[in-house]
Amino acid sequence: RVAMALEFIRVHACEGISSADVAAQFDCSRRFLDRVFARVTGRTLLAEIQRVQVETVRQVLRQSPAMKQYALADACGFASPEDLRRVSRA
C-alpha cells in the first residue's frame, strides 16, 4: 500500500489532494494509512504531498521563472499563494 500511495501522491499531488483522498483511494482510514506510511517512509501523507508539490514548484520555476505566484500556486495544487509560501518556508 505504501508504494502505491507514493505513486498516487506523485501523480496527483498537484491536483490539491488531501491525506483523506489518498486513504480513500486504497479503501482504508486516513489514520491507519498515515501511520503505516510514516513508519515506512519517515514522513506523513501530508508531508509527502507537500514535498511533491514543492518539488514541482521548483521544476516549474526553472522552466518559467517569471510565473506569477497565484498561477504557480494553482498549477502545483495549493489553495492560495499564501499556502505555497507557508509550505515552502517549512
query: How long is the gap from OG1 on Thr41 to CG on Leu6, to the nearest 0.5 Å?
result: 6.5 Å
query: What pairs of residues pass the ring-ring contact (aromatic ring centres under 6.0 Å, His included) test when at least one of them lies in residues 8-38, not counting sequence neighbours?
result: Phe8-His12
message: With rounding to the nearest 0.5 angstrom, report the CZ to CD distance, Arg86 to Gln50.
response: 6.0 Å
query: Excluding sequence neighbours, so at least two apart, what forms side chain to side chain contact (heavy atoms under 4.5 Å, CB included) with Val60?
result: Thr56, Met67, Leu72, Cys76
query: Rounded to the nearest 0.5 Å, how far apart are SG of Cys28 and CD of Gln25?
result: 10.5 Å
message: Going by side chain to side chain contact (heavy atoms under 4.5 Å, CB included), name the residues that satisfy it together with Arg39, two or more places apart in sequence or in a different chain.
response: Val36
- prompt: Val57, Tyr70: one ILVMFWY side-chain cluster at the under-4.5 Å cut-off?
  reply: no
task: Using the rule that two of Ile, Leu, Val, Met, Phe, Trp, Tyr join whenever any of their side-chain heavy atoms come within less than 4.5 Å, decide whether Leu46 and Val2 are in one cluster.
output: no
- request: Using the test side chain to side chain contact (heavy atoms under 4.5 Å, CB included), find all partners of Ala13 that sit at least two apart in sequence or belong to another chain.
  value: Ile9, Ile49, Val52, Gln53
- line: Here the salt bridge (charged side-chain N to carboxylate O under 4.0 Å, His left out) pairs for residues 23-32, sequence neighbours left out, are Arg30-Asp34
message: For the CD atom of Glu48 and the CZ atom of Arg51, what is their distance to the nearest 0.5 Å?
response: 4.0 Å
query: Can you list every salt bridge (charged side-chain N to carboxylate O under 4.0 Å, His left out) pair that touches residues 67-82, not counting sequence neighbours?
result: Glu82-Arg85
